[in-house]
Protein chains: 2
Amino acid sequence: MDLRQVRYFIAVAEERSFTLAARRLNLSQPPLSQHIQALEAELGTPLLYRTSRKVELTQAGEAMLLRGRAILQQVKSAEDEVRSIGAGLVGTLDLGATGSILRGPLADLLAAYRQVAPLVKMTVHEQAPALQIAALLSRTTNISLIRGVPSERDLTSRLAWREEVVLAVPRTHPLAKRKRVALSELASEDHVVLNPDSSDFARYVQSCCVDAGFLPKVSQQVVDAQSIPSLIAAGFGVALVPQSIARFTTSDIAFRPIRPSPPAADVFLVFRQDETSMVVHNFIKLALRYLGQRKKVG
Amino acid sequence: MDLRQVRYFIAVAEERSFTLAARRLNLSQPPLSQHIQALEAELGTPLLYRTSRKVELTQAGEAMLLRGRAILQQVKSAEDEVRSIGAGLVGTLDLGATGSILRGPLADLLAAYRQVAPLVKMTVHEQAPALQIAALLSRTTNISLIRGVPSERDLTSRLAWREEVVLAVPRTHPLAKRKRVALSELASEDHVVLNPDSSDFARYVQSCCVDAGFLPKVSQQVVDAQSIPSLIAAGFGVALVPQSIARFTTSDIAFRPIRPSPPAADVFLVFRQDETSMVVHNFIKLALRYLGQRKKVG
DNA sequence: ACGATTGATAGGCTTTCGCTATGGATCTTC
DNA sequence: GAAGATCCATAGCGAAAGCCTATCAATCGT
């Protein structure tokens, strides 16, 4: 049995006429007759009862009509689904990110992506950078957003955005009144920092301070970047944080730019080099285009 | 999309190899590649991720594999169903019959047919002969079993069986002691008869009596042949009944053959001349063959 | 590094497919 | 009631497709 024969038969069955069906199919009548004959021969039974004046369905023909319609419908549905998946409009997308990135600029990107591909099931896995690399390699996730490029050969990295690092101080702190602050001025301050073992960002900030000639004096070390603002407000000291953090804190805290030579935290899109999913490719394409429009985020 | 392409794709997807799939399909490898390419082109997306060493499915390919299997399964199921209907193995069969025929030899025939075609849904419509003719013409039923041939031009009749008419008398009746009875001896008896308006059989019996030189004296007229035995047992008189009735009555009643020249009730299979259903044709064929083996029934 | 294996491509041949022309049968119309 | 119209089936021919062998490019394993 052939889909063409099914289509042809349905046309004849619906029109109750070879001639009209042939017209509907943009076909001449003889090949239509032949195809129906071939179908009947294959099924070993007449499907149509022909008097030379009208065409009626046999019981087998009635069944064939119902089944044929169902088959064509299923074929069309399959085509639509495969096309959608191929276009990256449906499917799944597993993202890896740390809390500070997730609650920073990534949120806007996710919202933008959801608008273009609302049927894609997105899952964000919030975990430490090292685990994200492992998740990518084991195909648990498709894309990670991390600070710094991994060295694995199977992974590709693209700069997603560059975020200026700013100083967070309590409103009451003397530096809060300054328009800008030099990095070296922070040598004598107490610092709230992330755990450098689990955070590329913490290591990066530390290296910046070393470049500026001092090792930051740590008053408090935290695991979750979310905790930093409340500790600053509570007077534990100052902190160097990504600019995007400023969006979510209260007036107890002031943010001041570092000048001159502000440190910049680079966030990278990381994905497998052999990634085939169009969902992933679409997301990456959108991300780079979307972020390209606004070099600085926050 | 073409069923052949679907079959080919499934083979490649399952074998994870064009070469092996081509072997399985009794096909050389190049046309297989081309068909897959055509399918991918039509769906606008790659289904397979080929490195020159192995073949993997893309997400679209995974979906295509599942959907393709479902489609092929549905096609096969449709073919089986249509074939079965075409062979008359499944479908519906609506029979018309009167109670006396139904509970007589027809029961055996139905049992025999059910053994041959257990999937056919049989329905027996028990109704008066005139209604049966109307039901046949309106396509409510496919086959009727009636005594006598109808005159309608669109209907065909075939002799199904010939049943001898026998005399039913109470055990205590003088005729019960006789080995055989002549029809003319019944001229002075009281008769229990069916309503001649609704029964070909009643009319036939009446005409036999007239041929024998008398008009039966009616002591009781009934609508349903089932009532006759109990009336005979109750002493209402005698009755001329189809031989098959004898099967279901008690020892209160005696049945005696009519000799010489026993009347015979002819039962006909009646069906539409333009009947197309193989179920119906099979039933008729079986019936004539089955009944041919035993000219007398009961 | 070299042979073996895999999928893609090219060219030729056979089969299939669709078209026009025509035939046989039935219904309609004058 | 006969002629025309209409319908499906058949015949014959040209075009398109499907399949084959031969070959290429890339990769893997020894």
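Throughout, a chain's letter reflects where its sequence line sits, starting with A, and its residues are numbered from 1. Atoms considered below: every heavy atom in the structure, side chains included; atoms not considered: hydrogens, waters and symmetry mates. The model shown is predicted, which means the values in this text are computed figures rather than measured ones.
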Rounded to the Å, how far apart are [X] [atom1] and [N] [atom2]?
X       : N      : atom1 : atom2 : result
A:Leu32 : C:dT20 : CG    : C1'   : 16 Å
B:Gln5  : D:dC19 : CD    : C1'   : 15 Å
A:Gln34 : C:dG18 : CD    : P     : 9 Å
A:Lys54 : D:dC8  : NZ    : C1'   : 15 Å
B:Glu56 : C:dG7  : CD    : P     : 12 Å
A:Tyr49 : D:dA9  : OH    : C1'   : 17 Å
A:Glu15 : D:dC7  : CD    : C1'   : 15 Å
B:Arg16 : C:dG7  : CZ    : P     : 12 Å

Nearest-neighbour nucleotide for the [X] side chain, [options] considered:
X       : options               : value
A:Pro30 : C:dT9, C:dG7, D:dA9   : D:dA9
B:Ser28 : C:dT9, C:dG18, D:dT21 : D:dT21
B:Phe18 : D:dC8, D:dC19, C:dG7  : C:dG7
B:Arg4  : C:dG7, D:dG18, D:dA9  : D:dG18
A:Gln37 : D:dC8, D:dT21, D:dA9  : D:dA9

Touch class at under 4.0 angstrom, heavy-atom based, for B:Leu27 against every strand present: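 Sugar-phosphate: the residue B:Leu27, judged by heavy atoms under 4.0 Å, touches backbone atoms but no base.
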
Sugar-phosphate only, base, or nothing, as touched by B:Ser17 at under 4.0 Å among non-hydrogen atoms: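 Result for B:Ser17 = sugar-phosphate.
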
Residues [X], [Y]: salt bridge by 4.0 Å N-O rule:
X       : Y       : result
A:Glu15 : A:Arg23 : no
A:Glu62 : A:Arg69 : no
A:Arg67 : B:Glu79 : no
B:Arg50 : B:Glu40 : yes

Side chain B:Gln29 and base C:dA8 donor-acceptor under 3.5 Å: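 In this structure, the two groups form a donor-acceptor pair.
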
Closest-nucleotide ordering on DNA chain D, the 5'-leading residue of A:Pro31 and B:Asn26: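 Comparing both residues, the 5'-ward one is A:Pro31.
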
side-chain contact (heavy atoms from CB on, under 4.5 Å) between B:Leu39 and B:Tyr8, worked out: CA-CA 10 Å; B:Leu39 182 59; B:Tyr8 286 4; over 6 Å; no

Can you find a side chain N or O atom of [X] that sits less than 4.0 Å from OP1 or OP2 on [N]?
X       : N      : result
A:Ser33 : D:dT10 : no
B:Tyr8  : D:dG18 : no
A:His35 : C:dT16 : no
B:Arg50 : C:dA8  : yes

Close side-chain approach of A:Thr45 and B:Ile85, heavy atoms under 4.5 Å: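 SC-SC contact between A:Thr45 and B:Ile85 ruled out.
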
